[in-house]
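Structure, as structure tokens:
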Amino acid sequence: MSLDLFSIESQANAGQTISLQGGELCYYPNFFPKKQADNLLNQFEQQLPWRQEQITLFGKRRLVPRLSAWYADDELPYTYSGITHQGLAWTQELMAIRRRLETTAAVEFNSVLANLYRDGSDSNGWHADDEVELGDTPVIASVSFGQPRVFQMKHRTDKQQKFKLELPHGSVLIMRGETQKNWLHQIAKSRRSMTARINLTFRWVDPLLAKSASRT
Ligand SMILES: O=C(O)CCC(=O)C(=O)O
């Protein structure tokens, strides 16, 4: 498959800024043209080494309701909810997307967490990407392929403040500034019949802190 991921900058660069109290979002609804997004969805769904992790909640082992894979420079690990992923070597396509997003977001990334939501019963509960190894004000670039799902946000302290956005096939949402400090986000389960969705969150993790977090 030929993936000319760098040839479509102009249309994709029309990002929309979304201002939240104590948060900053930039949304690119058509970052990838449909055909390219279709190819990437199929390829990632079939070729990434998806794993279903287990976490311990209230003393019970539970399967995480989605599949995941973690890619990072230098095999850097990533630890959250007691799960440690060892970084896999970048595929050509993931690296090409990373490079495009680094230009768009004007930051460097060294890792990506891939999530596969198989259907509407897969989900990702309320959380923030606020692990210490992500730094104080992390920039997270979130790419969505496949089934549109609703990305919900709620302010940590001001319960009146909520925000939601359906993330379509081929879209990118960049979160930056104090977003992770002040807001939580989730992908809720849905009773609607749904096909697969893949989400990629590109991150920069501090190498030393990532290694020490994986040992604790
Ligand atoms: O699937 C999404 O849009 C969000 C993913 C997410 O919150 C995460 O990977 O931390």
Side-chain angles (χ1 to χ4, degrees), residues 15-29 31 53-68 78-83 85 101 104-105 107 109 111-169 171-194 197-206 209 213 216:
Q16 302 164 18
T17 301
I18 299 168
S19 299
L20 301 176
Q21 185 189 300
E24 273 177 62
L25 304 182
C26 194
Y27 174 51
Y28 302 79
F31 196 85
E53 306 288 350
Q54 286 193 10
I55 51 167
T56 306
L57 258 187
F58 308 114
K60 285 198 178 148
R61 298 294 284 165
R62 282 169 201 261
L63 286 171
V64 171
R66 60 190 176 277
L67 309 185
S68 53
Y78 184 45
T79 303
Y80 60 95
S81 306
I83 301 168
H85 288 273
L101 290 172
T104 303
V107 292
F109 298 113
S111 51
V112 61
L113 179 63
N115 283 314
L116 169 59
Y117 303 83
R118 293 160 292 181
D119 56 31
S121 59
D122 274 353
S123 58
N124 201 336
W126 287 116
H127 69 284
D129 299 329
D130 60 355
E131 291 81 16
V132 68
E133 61 267 35
L134 294 174
D136 219 26
T137 51
V139 178
I140 311 278
S142 166
V143 181
S144 295
F145 295 119
Q147 174 73 50
R149 297 284 296 256
V150 178
F151 183 78
Q152 291 176 281
M153 298 184 76
K154 66 176 181 187
H155 196 276
R156 284 184 194 254
T157 53
D158 182 349
K159 302 294 175 214
Q160 307 298 320
Q161 299 226 37
K162 293 178 190 158
F163 174 75
K164 67 181 177 187
L165 180 65
E166 189 174 64
L167 296 176
H169 185 43
S171 66
V172 167
L173 180 70
I174 296 176
M175 298 183 267
R176 60 169 79 236
E178 308 244 294
T179 310
Q180 306 304 323
K181 255 187 212 147
N182 294 318
W183 292 79
L184 302 176
H185 56 267
Q186 78 160 353
I187 300 288
K189 293 185 193 304
S190 170
R191 285 180 205 275
R192 280 178 43 214
S193 155
M194 289 189 160
R197 166 179 187 258
I198 288 175
N199 176 260
L200 310 172
T201 44
F202 288 82
R203 299 137 186 263
W204 185 85
V205 296
D206 182 293
L209 293 175
T216 53

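Note that this is a predicted model, so its numbers are computed, not measured. Position 1 is the first residue of the sequence, and the numbers go up from there. When reading the values below, keep in mind they use all heavy atoms of this one structure, side chains included, and skip hydrogens, waters and symmetry mates.
Side chains of F31 and T104 form a contact here, defined as non-hydrogen atoms less than 4.5 Å apart. With contacts defined as side-chain heavy-atom distances shorter than 4.5 Å, the pair L165/F163 qualifies. Side-chain atoms of V172 and Y27, non-hydrogen and from C-beta on, never get closer than 4.5 Å to each other. Residues N124 and H185 are not in side-chain contact: their nearest non-hydrogen atoms beyond the backbone lie 4.5 Å or more apart. Using a 4.5 Å heavy-atom cutoff, the side chains of R149 and L167 are not in contact. In this structure, L134 and Y78 have side chains that are in contact, with non-hydrogen atoms separated by less than 4.5 Å. Looking only at side-chain heavy atoms (C-beta outward), I198 and N115 stay at 4.5 Å or farther from each other. Put simply, the side chain of H169 does not reach to within 4.5 Å of the side chain of P148, judged on heavy atoms.
Counted within 6.0 Å of CD on Q16, heavy atoms from surrounding residues, nucleotides or ligands total more than 12; the atom is thus considered enclosed. Enclosure of atom NZ in K162 is not indicated, since only 12 or fewer non-hydrogen atoms of other residues, nucleotides or ligands lie within 6.0 angstrom. The 12-atom threshold is not exceeded at NZ of K60, counting heavy atoms of other residues, nucleotides or ligands nearer than 6.0 Å.
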Criterion side-chain contact (heavy atoms from CB on, under 4.5 Å) on L20 and M153, from CA distance to verdict: CA-CA 10 Å; L20 301 176; M153 298 184 76; 3.9 Å; yes
I140 and F202: CA distance, side-chain angles, deciding distance, side-chain contact (heavy atoms from CB on, under 4.5 Å) verdict: CA-CA 6 Å; I140 311 278; F202 288 82; over 6 Å; no
Stepwise side-chain contact (heavy atoms from CB on, under 4.5 Å) test for E53 and R66: CA-CA 8 Å; E53 306 288 350; R66 60 190 176 277; over 6 Å; no
Candidate pair S142 and N199, rule side-chain hydrogen bond (donor to acceptor under 3.5 Å, both in side chains), full reasoning: CA-CA 7 Å; S142 166; N199 176 260; 2.9 Å; yes
Steps toward side-chain hydrogen bond (donor to acceptor under 3.5 Å, both in side chains) verdict (T201, R203): CA-CA 6 Å; T201 44; R203 299 137 186 263; 3.0 Å; yes
Test side-chain contact (heavy atoms from CB on, under 4.5 Å) applied to L25 and T17, step by step: CA-CA 6 Å; L25 304 182; T17 301; over 6 Å; no
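Contact detail for P65 and S121: the closest heavy-atom pair is CB-O, 4.3 Å. The two atoms that bring S123 and A188 nearest to each other are CB-C, 4.0 Å, heavy atoms only. Closest non-hydrogen pair, P168 versus P29, comes out as CG-O, 4.1 Å. Considering all non-hydrogen atoms of both residues, P138 and D129 come closest at CG-O, 3.6 Å.
Between the side chain of T179 and the main chain of E24, a donor-acceptor pair closer than 3.5 Å is present. Counting only distance, with no hydrogens or angles, the side chain of S190 and the backbone of R192 share a donor-acceptor pair below 3.5 Å.
A salt bridge is defined here as a Lys NZ or Arg NE, NH1 or NH2 lying under 4.0 Å from an Asp or Glu carboxylate O, and R197 with D122 fails to meet this definition.
The CZ atom of R156 sits 8.0 Å away from the CD atom of Q180 when rounded to the nearest 0.5 Å. Note that CH2 of W204 and CD of E133 are 10.5 Å apart. Values are rounded to the nearest 0.5 Å.
Using modelled atom types and a 3.5 Å distance limit, the side chains of T56 and R61 yield a donor-acceptor pair.
Taking the ring centre of W126 as origin, the terminal cationic atom of K154 falls inside the region bounded by 6.0 Å and 45° from the ring axis.
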